[in-house]
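Down below is the structure, laid out as structure tokens.
If you're wondering where the values come from, they're calculated on a predicted model, not measured in any experiment. Note that the numbering runs from 1 along the sequence shown for the chain.
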Amino acid sequence: MVYQKIRTYGLALLVIMGTMACSVHNKGTMEKKKVKDTTTSEGTLLITAPVVSKKIITPEGQVTDETELYIRRSIQDYYIKFCESDVTRDELETHLDGLEGEIKAVTMEVVQLDGDWDICDGVQLQPTRVGPYMIIRRIAAP
């Protein structure tokens, strides 16, 4: 009876210690990958962030097969407005294709703005969405 309790508590202690060791290891690994943002002399930001693809949802709430690209920053995803960017969607996608891994983080120089997402060169492409977005000035070497 006493032996079973010691064995049970010992096993539980080993599981807890193993979990804590993995947690500390993962935290250290993740912190090494963090790169601080840098403000350039032109007032842009030099960031390293994941670029994610999301399916377009119509104003009626229907999910389409078309996708848009976003820059993921902590808990917010910023729409990439390519018509104001110096980098095209094709250039960014080609760069992403050359990266390995499931999460593809890109070092890029960006400007964060707030306004209409769907108006380019004075032309409204669809019912416009409004909010924070980013434009990409250049893709930097990692």
Side-chain angles (χ1 to χ4, degrees), residues 3-142:
Y3 176 71
Q4 280 182 319
K5 286 184 179 180
I6 292 173
R7 188 171 142 204
T8 302
Y9 289 126
L11 183 59
L13 184 61
L14 281 173
V15 169
I16 291 169
M17 288 174 57
T19 302
M20 290 175 62
C22 289
S23 173
V24 169
H25 174 71
N26 287 342
K27 183 178 179 186
T29 303
M30 288 172 58
E31 285 179 357
K32 288 179 186 175
K33 292 182 180 178
K34 288 184 181 177
V35 179
K36 287 189 175 187
D37 296 348
T38 306
T39 303
T40 68
S41 59
E42 293 84 30
T44 60
L45 286 175
L46 189 60
I47 65 170
T48 299
V51 174
V52 296
S53 175
K54 292 183 178 184
K55 291 193 177 207
I56 296 175
I57 301 174
T58 67
E60 296 80 32
Q62 293 184 348
V63 178
T64 68
D65 289 334
E66 295 180 60
T67 60
E68 297 175 313
L69 297 179
Y70 292 78
I71 296 172
R72 180 155 288 165
R73 303 288 289 158
S74 187
I75 60 169
Q76 174 142 3
D77 293 340
Y78 291 89
Y79 174 74
I80 302 172
K81 192 170 180 180
F82 285 103
C83 67
E84 292 181 11
S85 296
D86 296 329
V87 173
T88 66
R89 181 177 176 144
D90 286 342
E91 290 170 330
L92 180 57
E93 286 177 335
T94 298
H95 184 80
L96 290 169
D97 288 343
L99 299 176
E100 292 191 23
E102 197 171 309
I103 298 173
K104 299 192 178 196
V106 179
T107 301
M108 57 199 133
E109 187 177 342
V110 299
V111 177
Q112 183 178 330
L113 300 165
D114 199 286
D116 296 311
W117 293 7
D118 303 304
I119 296 177
C120 291
D121 299 324
V123 176
Q124 187 168 336
L125 305 175
Q126 62 184 11
T128 192
R129 297 164 289 171
V130 177
Y133 65 93
M134 289 193 180
I135 59 172
I136 303 173
R137 291 291 176 219
R138 66 181 177 93
I139 298 171

Would you sort out whether D116 and Q124 count as a side-chain contact (heavy atoms from CB on, under 4.5 Å), showing the intermediate values? CA-CA 9 Å; D116 296 311; Q124 187 168 336; over 6 Å; no
Under the salt bridge (Lys or Arg N to Asp or Glu O under 4.0 Å) rule, collect the residues that match up with E91, sequence neighbours excluded. none
For the residue pair L92 and V87, what are the closest heavy atoms and their distance? N-CG1, 4.1 Å
More than 12 foreign heavy atoms under 6.0 Å from CG of D121: is that the case here? no
Quick one: CG on L113 to OH on Y78, what's the gap to the nearest 0.5 Å? 11.5 Å
Which pair of non-hydrogen atoms, one from L99 and one from V106, has the smallest distance, and what is that distance? CD1-CG2, 4.0 Å
Rounded to the nearest 0.5 Å, how far apart are CD1 of I71 and CE of M108? 4.0 Å
Is the backbone of L96 close enough, under 3.5 Å, to the side chain of K104 for a donor and an acceptor to pair up by distance? yes
Could you label the plane-to-plane angle of the Y70 and W117 rings as parallel, tilted or perpendicular, counting under 30° as parallel and over 60° as perpendicular? perpendicular
Approximate separation, where rounding is to 0.5 Å, of D118 CG and E68 CD: 7.0 Å
Non-hydrogen atoms of K55 and T64 that approach each other most closely: CD-O, 3.3 Å
Value for CG (L45) from CD (Q112), rounded to nearest 0.5 Å, stands at 7.5 Å
Please check this pair: side chain of K81 against backbone of C120, looking for a donor-acceptor N/O pair closer than 3.5 Å. no
Heavy atoms, side chains only, cut-off 4.5 Å: are I47 and R73 in contact? yes
Starting at CG of L46, measure out to OG1 of T48 and round the result to the nearest 0.5 Å. 6.5 Å
Kindly list each side-chain donor-acceptor pair under 3.5 angstrom involving residues 130-138, sequence neighbours excluded, with atom names and distances?
residue, atom, partner, partner atom, Å
Y133, OH, E84, OE1, 3.0
Y133, OH, E84, OE2, 3.4
R137, NH1, D86, OD2, 3.2
R138, NE, E109, OE1, 2.6

